[in-house]
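The structure appears right after this line, and notes come after that.
Keep in mind that this is a model prediction, so the values were computed, not measured. Per chain, numbering begins at 1; letters A, B, ... match sequence-line order.
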Amino acid sequence: MSELDDEVDSSAHVSPVVSVGRVLSLAREGAGMSVEEAAAKLRLSVRQVTALEADDASVLPSPAFVRGFIRNYAKLLELNAEELLQAYPGQSGQGQPVNISLQSENIPIHTQEKRLWLPYLMASMVVGVALAGWLFYMEYADQTLRKDASANPVETKPTAVAAVPQPLPVELTPEQVSAAAVPVAVSAVQPETLQPAVPATSAKLVLTVKESSWISVTDRDGKELLNKSHPAGSQAVVEGVPPFSIIIGNSAGVALSYNDKPVDLVPYTKANVARLTLE
Amino acid sequence: MFGFLNSYFSNDLAIDLGTANTLIYVRGKGIILDEPSVVAIRNEGGPTNKKTILAVGAEAKRMLGRAPANIQAIRPMKDGVIADFTITEQMLKYFIRKIHESRMFSPNPRIIICVPVGSTQVERRAIRESAIGAGARQVYLIEEPMAAAIGADMPVADATGSLVVDIGGGTTEVGVISLGGIVYAKSERVGGDKFDQAIIDYIRRNYGMQISEPTAEMIKKQIGSAFPGSEVLEMEVTGRNLAEGLPRKFTISSNEILEALTEPLNAIVGAVKSALEQTPPELGADIAEKGMVLTGGGALLRDLDRLLVEETGLPVIVAEDPLTCVARGCGRALEEMDKLGNVFASE
């Protein structure tokens, strides 16, 4: 209150007064106007006009409106509104401005629909990871298998092959009761189909070199088993998976045996170089 | 990606792109540009034969109605929206550069720009595009009643209804605001320009005289009023007599201007009344308690508040410094834009 008084006094144009409300009240009485008349002219309620004159902010709306009311009231009473408003707290630029952002608890609401896809997403992620893992494992296993196969072709392949025919008779035995011909046919077919596979792993080449010669042997997978020149009187033994493609430099001076059977190089020789493929 | 660099090189802006005036608020600095939305264009003859911008703003406004044939003074905004896209873009670019004068790099600020609440999607898009064309990095739109209410320091975020009437150059925007949003809004394409046009038409009809738009604006500012007051003001005006074709002086009174303005004023009163009709009763009670707030240049028309008081029976308050209310509101939103989501308009 005393602050207000000081401010009003310091503006010096207003006669000794107590407050903005008091100025308004005195001016209204001076003009011979009742509170009711003033309220009717300002389109305010009597309660609001009384509050304005009593400087009672609790009944009045926010300062921006009160300043407007004071200006309107001052205009009605032909007072200088600016002087009054300077004495009124909450002048624009003074005090804290009105909050313009809505206070919020900020809890997001998930609808039912939104949640539905979440388990699907999780499940598909799990499946995806599992699939990727499996593929990776398969790739890895394949690589190690191939490494093993190339390192020790004789041992791994027969076990793989041997594992295949074994379950077949077991499955077929119940059928043997009804049809005796079927297992016979199967057993007849089996050796035929499997036979090439058995020697495929255990083929053996023996090259007896009488005159120094250059020999190259490549197996089924294109892997070079032998590629060098041999001195006279040496012997090279090659084991691998047929078919072998063989190139023998000085073919006249080399004797070749395949699985302990001698192979005549003459039909394959051209300009003393033999090129042949052995199944 | 270089957003943080950009924010170092350019200031964020809030623009009140009005039909009559463009105001620019710079973050942390306040309103630093207030110019009429007028662009003067010169058609160069001869071998170059190109269009160049002669002047923008106050300089261009002085050329309105005084230019020779090869100079056009254009007001690119009409009824609160863009009427000439290219010119608006050039004008914005000019204003933005003017603010960033001393900078080495071309500015690309974030911009908050206000749009009339009644504008269509196409019109809003045009405003956004023109701001982007003028070099804005990001554009946020805010509806004018919201900006005006914030600028007038009204309690927009509170659970209480506030009625704001923003009478601009091209449009009158009436908005009922509560809880940080617009509950009801109405935009009427009536504003300062319509007042001027009404005065021109009245004088031609009753005096047989042709006056220019700047003269009409001057009459409106000096003796225009919205409600019959106790004192009658007079003003001497010069125009061209339509019958004789010669410049003649005559005197016009405020009562005649009041008569001339009846039609646009009725449109404004109608918009306010229809807003009150559409307002939910709970908010209506709040408004009856606090009254409505007038902002925009139109609020400066003498006794417009009296007219609305008599017509609606509610207290009417003219905001402090009504001309800059929208720009200040936009600026306030700019200062708090990073934590403010609800006051911005979608396209």
Side-chain angles (χ1 to χ4, degrees), chain A residues 24 35 37-52 56-78 80-108, chain B residues 30 142 146-147 149-164 177-181 230 286-295 303 305-306 308-322 324-325 328-329 331-333 335-343:
Chain A
L24 292 170
V35 176
E37 279 171 344
K41 286 204 166 149
L42 292 168
R43 299 297 194 276
L44 293 171
S45 60
V46 175
R47 170 177 55 91
Q48 282 173 308
V49 175
T50 318
L52 266 181
D56 181 6
S58 62
V59 190
L60 297 166
S62 65
F65 289 98
V66 179
R67 292 173 64 75
F69 291 164
I70 292 172
R71 187 178 287 120
N72 288 352
Y73 203 170
K75 198 172 159 190
L76 177 72
L77 301 170
E78 289 166 358
N80 187 337
E82 296 312 313
E83 277 172 20
L84 283 176
L85 286 172
Q86 272 182 2
Y88 181 76
Q91 196 181 345
S92 60
Q94 282 179 6
Q96 67 181 51
V98 177
N99 183 29
I100 60 166
S101 58
L102 190 59
Q103 294 301 312
S104 170
E105 298 291 342
N106 248 335
I107 304 163
Chain B
I142 184 168
M146 196 68 203
I150 294 171
D153 225 11
M154 290 163 84
V156 291
D158 294 0
T160 171
S162 310
L163 178 64
V164 64
I177 290 157
S178 174
L179 289 171
S230 49
D286 295 337
I287 292 164
E289 173 96 7
K290 296 186 296 186
M292 68 188 84
V293 175
L294 302 186
T295 69
D303 286 337
D305 51 341
R306 266 300 285 292
L308 286 166
V309 165
E310 297 301 328
E311 290 285 342
T312 61
L314 297 177
V316 177
I317 293 163
V318 178
E320 284 166 46
D321 199 3
T324 61
C325 247
R328 277 185 288 127
R332 183 77 201 285
E335 299 285 355
E336 297 181 25
M337 73 192 288
D338 295 319
K339 55 178 180 176
L340 209 64
N342 53 334
V343 303

Closest contact, heavy atoms only, [X] versus [Y]:
X: A:F65; Y: B:P155; value: CE1-CD, 3.5 Å
X: B:V309; Y: A:R43; value: CG1-CG, 3.5 Å
X: B:P315; Y: A:L44; value: CG-CD2, 3.7 Å

Name the region of B:E335, side chain, backbone, both or neither, that has any atom closer than 4.5 Å to a heavy atom of chain A. neither

With only heavy atoms counted, which part of B:E289 is less than 4.5 Å from chain A, the side chain, the backbone, both or neither? both

If you measure from the Lys or Arg side-chain nitrogens to the Asp or Glu carboxylate oxygens, is any gap between B:D305 and A:K75 under 4.0 Å? yes

Out of curiosity, B:K290 NZ to A:Q48 CD, how far, rounded to the nearest 0.5 Å? 11.0 Å

Highest number of heavy-atom pairs under 4.5 Å with chain A: which of B:L314, B:I317, B:V293? B:I317

What part of A:S62 gets within 4.5 angstrom of chain B, counting heavy atoms only: side chain, backbone, both, or neither? side chain

